[in-house]
A.B. asks: 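Have a look at the structure that comes next, please.
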Amino acid sequence: MIIDDATLSLLYLVILMAFLGVELIGHVPSVLHTPLMSGANAIHGVVIIGSIIVMGIADDTVSTILGFVAVVLGTLNVVGGFVVTNRMLEMFRRKE
Amino acid sequence: MIIDDATLSLLYLVILMAFLGVELIGHVPSVLHTPLMSGANAIHGVVIIGSIIVMGIADDTVSTILGFVAVVLGTLNVVGGFVVTNRMLEMFRRKE
Amino acid sequence: MKLGVLKETASRERRVAAVPAVVAKLVSAGHTVHIESGAGLHAGYTDEMYQAQGAVLGSRQAVIDSAECMLHVAVPSTEEIDSLRRGTSIISYIYPKRHPQLLEQMASIGADVFAMDALPRTTRAQTMDVLSSQNNLAGYKAVVLGAAELGRIFPLMMTAAGTVPPAKVLIYGAGVAGLQAIATARRLGAQVEVTDVRPETKEQVESLGAKFITVEGLDAVNVQGGYVAAVGSDVLDRQRTAVEKSLLQADLVISTALVTGGKAPVLITADQVSRMKRGAVIIDMAAEAGGNCELTRADDRIDANGVLVLGPTDLASSAAQNASELYAKNVLAFLSHIATADGITYDLSDEITSATLVVHNGQVRI
Amino acid sequence: MKLGVLKETASRERRVAAVPAVVAKLVSAGHTVHIESGAGLHAGYTDEMYQAQGAVLGSRQAVIDSAECMLHVAVPSTEEIDSLRRGTSIISYIYPKRHPQLLEQMASIGADVFAMDALPRTTRAQTMDVLSSQNNLAGYKAVVLGAAELGRIFPLMMTAAGTVPPAKVLIYGAGVAGLQAIATARRLGAQVEVTDVRPETKEQVESLGAKFITVEGLDAVNVQGGYVAAVGSDVLDRQRTAVEKSLLQADLVISTALVTGGKAPVLITADQVSRMKRGAVIIDMAAEAGGNCELTRADDRIDANGVLVLGPTDLASSAAQNASELYAKNVLAFLSHIATADGITYDLSDEITSATLVVHNGQVRI
Amino acid sequence: MDGILPLLYLLASVTFVLGIKLLGSPKSARLGNLIAAAGMSVAIIGTMFLYKHNGKPLHNLEWIIAALIVGGVAGWIMAMRVKMTSMPQMVSFFNGMGGGCAALISILEYTSATQSAMPVSIGHALAMMAGLIIGGVSLSGSIIAYLKLEDRLSDIRFGGQQFVNNGLLVLTVMVGVLLVTGSLSGLPMLYLLAALAVLFGVLFVLPIGGADMPVVISLLNSFTGVAAACGGFLYDNMVMLIGGILVGSAGTILTVVMCNSMNRSLLNVLIGNFGSSAGGGGSSTGGSYREVTAADAAVMMAYANRVVIVPGYGLAVAQAQHVCHQLEHELETKGVSVLYAIHPVAGRMPGHMNVLLAEADVAYDKLIEMEEINADFPTTDVVLVVGANDVVNPAAKTDPTSPIYGMPILDAELARQVVIMKRSMKAGYAGIDNELFYRPNAAMLFGDAKASLSSLVNEVKSL
Amino acid sequence: MDGILPLLYLLASVTFVLGIKLLGSPKSARLGNLIAAAGMSVAIIGTMFLYKHNGKPLHNLEWIIAALIVGGVAGWIMAMRVKMTSMPQMVSFFNGMGGGCAALISILEYTSATQSAMPVSIGHALAMMAGLIIGGVSLSGSIIAYLKLEDRLSDIRFGGQQFVNNGLLVLTVMVGVLLVTGSLSGLPMLYLLAALAVLFGVLFVLPIGGADMPVVISLLNSFTGVAAACGGFLYDNMVMLIGGILVGSAGTILTVVMCNSMNRSLLNVLIGNFGSSAGGGGSSTGGSYREVTAADAAVMMAYANRVVIVPGYGLAVAQAQHVCHQLEHELETKGVSVLYAIHPVAGRMPGHMNVLLAEADVAYDKLIEMEEINADFPTTDVVLVVGANDVVNPAAKTDPTSPIYGMPILDAELARQVVIMKRSMKAGYAGIDNELFYRPNAAMLFGDAKASLSSLVNEVKSL
Ligand SMILES: NC(=O)c1ccc[n+]([C@@H]2O[C@H](COP(=O)([O-])OP(=O)(O)OC[C@H]3O[C@@H](n4cnc5c(N)ncnc54)[C@H](OP(=O)(O)O)[C@@H]3O)[C@@H](O)[C@H]2O)c1
Ligand SMILES: NC(=O)c1ccc[n+]([C@@H]2O[C@H](COP(=O)([O-])OP(=O)(O)OC[C@H]3O[C@@H](n4cnc5c(N)ncnc54)[C@H](OP(=O)(O)O)[C@@H]3O)[C@@H](O)[C@H]2O)c1
Ligand SMILES: NC(=O)c1ccc[n+]([C@@H]2O[C@H](COP(=O)([O-])OP(=O)(O)OC[C@H]3O[C@@H](n4cnc5c(N)ncnc54)[C@H](O)[C@@H]3O)[C@@H](O)[C@H]2O)c1
Ligand SMILES: NC(=O)c1ccc[n+]([C@@H]2O[C@H](COP(=O)([O-])OP(=O)(O)OC[C@H]3O[C@@H](n4cnc5c(N)ncnc54)[C@H](O)[C@@H]3O)[C@@H](O)[C@H]2O)c1
């Protein structure tokens, strides 16, 4: 079995993140499940970074157009995700 | 500022481990402080791996002797650490 | 309708059939309320209080002369019935099964008689249920009376002079009165055991923190309209045996067991009493129906070789103020159901009217 | 030592100075215990029970003839003292300050008299403290008696016939009796308010879940050996004002306020009573010391225009069985302190002996 | 990769972890969301201006900014406009967009890789294909989930559906593997793979019932996380890796937790559910009721202004009066006003509730009579029914044939939310079913009242 | 680094994380320790047989095994022989050994680096020097801590000590930096650095008081973790890295947590303590008492066979009877037998405790009279005194001048452990000090009894 260093690092990261995930999510009250899911959803919008890079280095029209679409989709994910999460969490604002 | 990839990985690891550490240690009852410390103590005995390697590649006498000492010290740390921890934890064995 | 409230004449009766708050409601519903002067005094209600709510105060005769319908508490006496005008309606405790002659007499003067105690125990009749409201108070008072009579205190107390163990209270019957007795005795710190022949009472008893004495081999008991049917003598024998140990250790015994119609079941024999602890007290709430203890005599105190047997029939009445208030509210709810401002609507198809109307059109209806 | 126990002769006194369990201990400590036949009957103890524990049963005269030291509960009557042999010691309730002539009489027959009620309220004397043990029971019984007399029930009850509000109980004095009265009334579900002149009682009262009525500008009160000194009339005036609102709303009032020596402070005036709620009940536990209420007459019932004023002096005695047991254990502890099997050791340097020995060598010591 | 950008990425990664952590508690959830959003902004802006490709900064910046504005404005508007009740489908939609983005990146990378004719390492190829497949599934699956929740699409099931799905999955993976190994290649094949993935996403979600959608969305969410991580691997980009893996792992665990709190296994939700009926628990009488966990009920109550507790006979049976008092206390500590609504015939004897609650030292002035409190129910946030049944049964007002018709009842049904604690759906004293339990604003919390109340107390405390 | 070894390391790393996690709860702590130990064995054995240096397996295996046996047997014997009360110093000793090992590795690496004359990267040099310094400090510091706890060494303090320490620290770091940059070099310089580090360790720990030793040990422990991580960096060895960093981070947090639970800051422990008095809290009467947290008390009680609760007037004042009953219930759920010891004059009126506990529904048969229960105290694991004072004051038996002399008391002092809940060290009714509070088997849990009891309930529940 052959494992290169990068993969190994990745493996470590994945496993540690999994532990961290378990510890972090462990005892979340179920009312928070949806906001949490929504927040996580916004976070994976980080994929937008990839699309920005792709677009930033694209030089043919097709790539630029596809990249444009990708950035739009990613932004939708990020912005929509965070805003929706924030709205969901309105209910946890303490009333005076 | 110049950061090489390995260092960056290390930084990520350190930071993630720190998070993990906080999450893991967060609400430990204080009676467990000493056993926990002792268990952690045994774990950092992993440094023995280094001494084994050193000794395994040493070819002069001084290195071999120092390596021998290092391995002995490391083993003391590991074995003593785990055994002491185990003894401390005897009190948590449920009585019938 | 012109309603009349007389001063109760039965001995020890301190209640009154209407309290000022209820008078106000009756008046605003269009009735006129005539009250005998001093009728509420024993319950803590002065004439002035009634007047302030719109009642018409008057002499006994004046009330009798004006009223179309008498609101009453205790079963009316022969004299009282004789003194009434022909055709007057009566709403009162009647216990029709125990007083057939009284019914005849009332029929003979053409009275329409509603027996509050004959109400069906249905959900919608709950607000009119005088048995519940009065037995509830009686259950509380029985325990308080017992605690006052007993030469011991109820709660466990560990003091510098030594430990006083908690009193042991045994309760027969977990109906309304029995349950409230359990609650009250437990509040005061006694150890409470309970026996009843209805199996569902076990959970209820335990929900009040008392111990239920299970009688083996007891099948479901027949309950009709909320009244419990008598059980066979074999069951009673078995029950006596199951309970005896607790009885002989009891400091206070409160018996509330009743069955439909007739006489109360005998649950405590004279022999058992003779073997009870010296200083123990029995409060027999079934005294009016013959008593659950063989030795009970209604409204009397019997010292059976150091065991005191009381048969008070005025327990609810001894909480006259609350009892009158609740009775009056029951009657108010009853009246709103069976009558309008113009008079009683004799709707015999109505379950409540039909069950309570024991004399109608000169006819005894049971 | 030869100890004697007579049947109590005071009216309403149901207690007895020794119970079988204590007799057993006295006997094993080397004493002989002579008991008048039937002495314990009212408290639930038969002659057989005493005999079984080694007591010597006999006629009254036989006991008087044998005993060197009489164990007694109620303050002895003149006749009782007359009937005693010269030189007999007496251990009993005495209330020396209230009965100077009695002391003279006892001194004249050469009796050595120990007043159990004069015990210093120190920690080590707690096991002998009859005031604590008896007042504790009395406090409980006062509430039970009040609950029985009151035409209302204590607890809040929300029922189909309406809501019964909780009874309001007002307690004067948070000493031993008062605290137990608070606890008992609270258990039964009443709303309890309390007044006392010792500021430290506030916390104690609140620890029992009752409300303390604070009287403004009250300095620390003088307490000597556990007995509270009288406060000035200005304080009493201020207190009456502070409490009045609660008093006029109260259903049951229990007063327990006592001060050293003399007469109990008057805390409830006749005028106040006349403005109280109709149907309210006052139980004045200070009746023997003149009463906290102006209208109180010891051992009597007074109906003051619908307000019932009771001055029972036999409250502890009404829990005769427990009261006798605790009293007897107090006396046992006291005897072990002041005497050996051979007799009393008159160690006047001892705080307890010195404080309780009110007549010695033909001399009144207070 | 040197310079300040890696540190910005590190910062962003930390905000993501922190954000997820803070999102786990109601007190800090909003903050968590904001922190993660801030980190994301840093990462995006940093990338735009600091990223160097072969030493050169990114070009097309104006188009990138245009795309950001288009997506940002659209996302903002959609997120602000959506109704509270439609939140889950909105999340699903946004998730799909993320999946689509990830899939596009793979396609673009593959395109440029084939053009540059540089050899692609197996690892890169793997990441590319995985990103494409997972992103594609997530895209189409999320859109389907969105449509279903919007009720624009109903469950579609056909015989052998599971067989078809599994076959399609195998085929997709096979094509992917062949593309990785290079046995297949070329853009058309890549588009085929994308089409297969999208198709699978559609078929995968189509048969799953509406009630299980949240679980599916959560799962697709963690898929997108993995797809994003693949992108991170492609560009050796740590923040994408961390963000993606974090969401992948946390999302998976969240999915499992959600299943657990429904007492189902994930497999059961995804596969076992084929052909089973939709909706929450069903009842013999046909109506359907909702269940709620103690944690949920605790949050509802802790964030309410007013809670009214309706005690009944069950409170007495469970002897739960002391815990009930404790709950009242915990809620009041949190600033919630708590009252008890006492029905005159609750329990089995007059004053039964009074006896119980007095024993637990509940203040008398917190016990409110029926007539008085009935007016307050419409402005009450949460009613907690503890072992009561008949006394809150609306049949007493509406159904003349009911044995309890005419009995005045506590109008608990008028409150915003009603939580009912009992052990089962069984009837009470009167022996009749209770319509209240099936109301949309009602939810059941099953179990012995004492046990349920004490978990409630714990949950409230932990908030 | 390919082959199976990296996977074994990964496995071992996972066991370490898991081990630390499991060590956090009494229920799983033993398992956690065993798992970590198993992982450690895997890592060690794997290294011995699978590690390849420049493609060749390790040699000197027989010596390695010999060293393992020597160290293992010695460690085992020491660990088994040590008395329970001496555990902390034992931990410190073992920790020092680990530090020594790390320092030796750095020396050896430096030696071989100078010999091989290969250029050393800055990163490596940094790791080497850091490992040496930190390992050296940890070695000597731990040994000093060990000696101090063994009472073979007393606190040594002199004027300007802090100044000297800081100076030494600066010097050490400077030498280290110069060695890293290459301005200094050669073995003698390295040995100088080692000596400086060791010296600093000694001086650093010398002045710190015995009661603060656990904190210092924990800190040194996390130091060793960092030193181990440096080793991991040197050898690019993931398991050493993970293990080291994990202990470094968890150890640091543990240190902080320990300080918090003593209501001190870390700085205060390390520096502010110079010249302050040793020992736990002091009292005006001169004796010293111990404080305990609710979490500790909870563990003591939850793992006891029998707990006796002694209620007093404070229970009434705090109105804590209901929570007290709940604690009893929680403990019994855990299989602990719980009784109440009722002193005849506890409280302020006869039967005060009875009234209270009856209100909370405590079963009568759990209330045991003084005479009866006094015989049981010697076999009782934990006595929990709730707001009582005079009734457990041994002065009643021993001090004829005391106002309570002669009053029979509850012999709580005879139990193995006594936890006393009150708000302060103030006296009770009799106004006298209570010797019991200063007994070695007693510990105070300060605060209102109701609050303390409810945290106890929570802690017990969480076990
Ligand atoms: N108050 C009186 O004087 C009186 C006298 C006689 C009759 N009643 C009648 O009694 C009824 C009272 O109404 P209610 O609402 O109080 O009671 P209910 O209608 O009898 O309902 C009580 C509910 O509590 C639940 N329960 C029982 N034990 C439980 C436990 N341990 N934990 C959780 N839940 C539990 C039961 O459901 P599960 O089995 O599903 O848990 C039951 O549905 C009325 O119909 C009234 O007419 C009253
Ligand atoms: N039972 C009777 O009949 C009676 C009558 C009169 C006198 N006494 C006397 O009263 C004493 C009774 O002994 P005891 O041990 O029960 O009481 P104690 O000796 O008076 O001690 C009670 C302790 O409780 C603590 N405390 C008060 N409030 C508290 C709260 N809210 N939370 C936590 N702790 C609280 C106080 O310490 P902190 O201030 O530090 O919190 C105090 O030291 C005896 O001396 C007895 O002789 C008894
Ligand atoms: N519908 C309603 O809402 C409503 C209202 C009040 C009462 N009830 C029902 O009415 C019924 C009786 O109530 P009640 O208080 O008028 O009862 P009751 O006064 O007629 O009888 C008292 C109790 O004695 C018991 N008893 C009979 N024989 C006995 C024996 N041999 N030993 C021991 N106990 C014996 C009965 O079971 C009953 O519990 C109960 O079922 C009660 O729930 C219903
Ligand atoms: N050492 C002990 O252990 C011990 C034992 C029992 C009692 N005591 C102490 O003895 C003292 C008295 O106990 P007691 O029960 O015999 O008291 P008591 O019967 O002599 O008096 C009853 C109460 O009346 C109060 N009182 C006096 N004047 C009052 C007024 N104007 N208004 C309201 N209340 C008034 C007193 O303060 C006292 O609390 C208390 O301090 C008690 O703690 C001590």
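Chain letters run A, B, ... following the sequence lines, proteins first, then strands; residues in each count from 1. Hydrogens, waters and symmetry mates are skipped; everything else that's a heavy atom, side chains included, is used.
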A.B. asks: Output the distance between atom CZ (F/Phe94) and atom CG (B/Asn77), rounded to the nearest 0.5 Å.
C.D. replies: 8.5 Å
A.B. asks: Pick from F/Leu104, F/Asn95, F/Leu139: which one has the most heavy-atom pairs with chain B under 4.5 Å?
C.D. replies: F/Asn95
A.B. asks: Looking at every non-hydrogen atom in both residues, tell me the closest pair between F/Gly243 and B/Val46 and how far apart they are.
C.D. replies: CA-CG1, 4.3 Å
A.B. asks: Among B/Ser51, B/Gly67, B/Gly39, B/Ala42, which residue has the highest count of heavy-atom pairs closer than 4.5 Å to chain F?
C.D. replies: B/Ser51
A.B. asks: Looking at B/Arg87 and F/Val82, would you say the former's side chain and the latter's main chain have a donor-acceptor pair under 3.5 Å?
C.D. replies: yes
A.B. asks: Is any side-chain heavy atom of F/Ile20 less than 4.5 Å from a side-chain heavy atom of B/Ile25?
C.D. replies: yes
A.B. asks: For chain F, find which of B/Asn41, B/Val72, B/Val83 contributes the most heavy-atom pairs closer than 4.5 angstrom.
C.D. replies: B/Asn41
A.B. asks: To the nearest 0.5 Å, tell me how far F/Trp76 CH2 sits from B/Leu76 CG.
C.D. replies: 14.0 Å
A.B. asks: Tell me whether F/Asn221 contacts the main-chain N or O of B/Met37 through its side chain, where contact means a donor paired with an acceptor under 3.5 Å.
C.D. replies: yes
A.B. asks: Hey, mind stepping through F/Ile105 and B/Ile53 against side chain to side chain contact (heavy atoms under 4.5 Å, CB included) and telling me if it holds?
C.D. replies: CA-CA 9 Å; F/Ile105 290 176; B/Ile53 295 175; over 6 Å; no
A.B. asks: Under a 4.0 Å N-O cut-off, is there an ion pair linking B/Glu23 with F/Lys21?
C.D. replies: no
A.B. asks: Of the listed residues (B/Gly45, B/Gly56, B/Gly81, B/Ala70), which shares the most heavy-atom pairs with chain F below a 4.5 Å separation?
C.D. replies: B/Gly56
A.B. asks: Taking the side chain as every heavy atom from C-beta outward, state whether F/Thr224 and B/Val47 have any atom pair closer than 4.5 Å.
C.D. replies: no
A.B. asks: Roughly how far, to the nearest 0.5 Å, is the CG atom of F/Leu58 from the CD1 atom of B/Ile52?
C.D. replies: 8.5 Å
A.B. asks: Taking every non-hydrogen pair under 4.5 Å, which of F/Cys101, F/Gly231, F/Gly72 racks up the most with chain B?
C.D. replies: F/Cys101
A.B. asks: Return the CD to OG distance between F/Gln115 and B/Ser63, rounded to the nearest 0.5 Å.
C.D. replies: 6.0 Å
A.B. asks: Find the distance between CE (F/Met90) and CE (B/Met88) and round it off to the nearest 0.5 Å.
C.D. replies: 10.0 Å
A.B. asks: Check whether F/Leu34 gets within reach of chain B through its side chain, its backbone, both or neither, counting any heavy atom under 4.5 Å.
C.D. replies: side chain
A.B. asks: Side chain from CB out, backbone as N, CA, C, O: work out which of these in F/Ser222 comes under 4.5 Å of a heavy atom of chain B, or both, or neither.
C.D. replies: neither
A.B. asks: Please check: side-chain N/O of F/Asn33 versus main-chain N/O of B/Phe82, any donor-acceptor pairing under 3.5 Å?
C.D. replies: yes
A.B. asks: Looking at F/Ser249, F/Ala67, F/Gly75, which makes the most heavy-atom pairs under 4.5 Å with chain B?
C.D. replies: F/Ala67
A.B. asks: Return yes if some donor-acceptor pair links the side-chain N/O of F/Asn60 with the main-chain N/O of B/Met55 below 3.5 Å, else return no.
C.D. replies: yes
A.B. asks: Heavy atoms only, distances under 4.5 angstrom: which of F/Met80, F/Met78, F/Glu109 has the most pairs with chain B? Name it, please.
C.D. replies: F/Met80
A.B. asks: Which atoms of F/Val226 are under 4.5 Å from chain B, going by heavy atoms: the side chain, the backbone, both sets, or neither?
C.D. replies: neither
A.B. asks: Checking F/Ala66 against chain B: side chain, backbone, both or neither under 4.5 Å from a heavy atom?
C.D. replies: both
A.B. asks: For chain F, which of B/Leu36, B/Val79, B/Ile49, B/Val71 has the most heavy-atom pairs under 4.5 Å?
C.D. replies: B/Ile49
A.B. asks: Any side-chain heavy atom of F/Leu23 within less than 4.5 Å of one from B/Leu24?
C.D. replies: no
A.B. asks: Flag the pair B/Leu32 / F/Pro26 as yes when at least one side-chain heavy-atom distance between them is below 4.5 Å, and no otherwise.
C.D. replies: yes
A.B. asks: Between chain B and each of F/Thr255, F/Asp296, F/Leu220, F/Ile69, count heavy-atom pairs under 4.5 Å; write down the option with the most.
C.D. replies: F/Asp296
A.B. asks: If I take atom CE from residue F/Met40 and atom CD1 from residue B/Ile43, how far apart are they, to the nearest 0.5 angstrom?
C.D. replies: 6.5 Å
A.B. asks: Would you mind reporting whether B/Phe68 and F/Ile64 have side-chain heavy atoms less than 4.5 Å apart?
C.D. replies: no
A.B. asks: Under 3.5 Å, is there a donor-acceptor pair between the F/His59 and B/Asp59 side chains?
C.D. replies: no
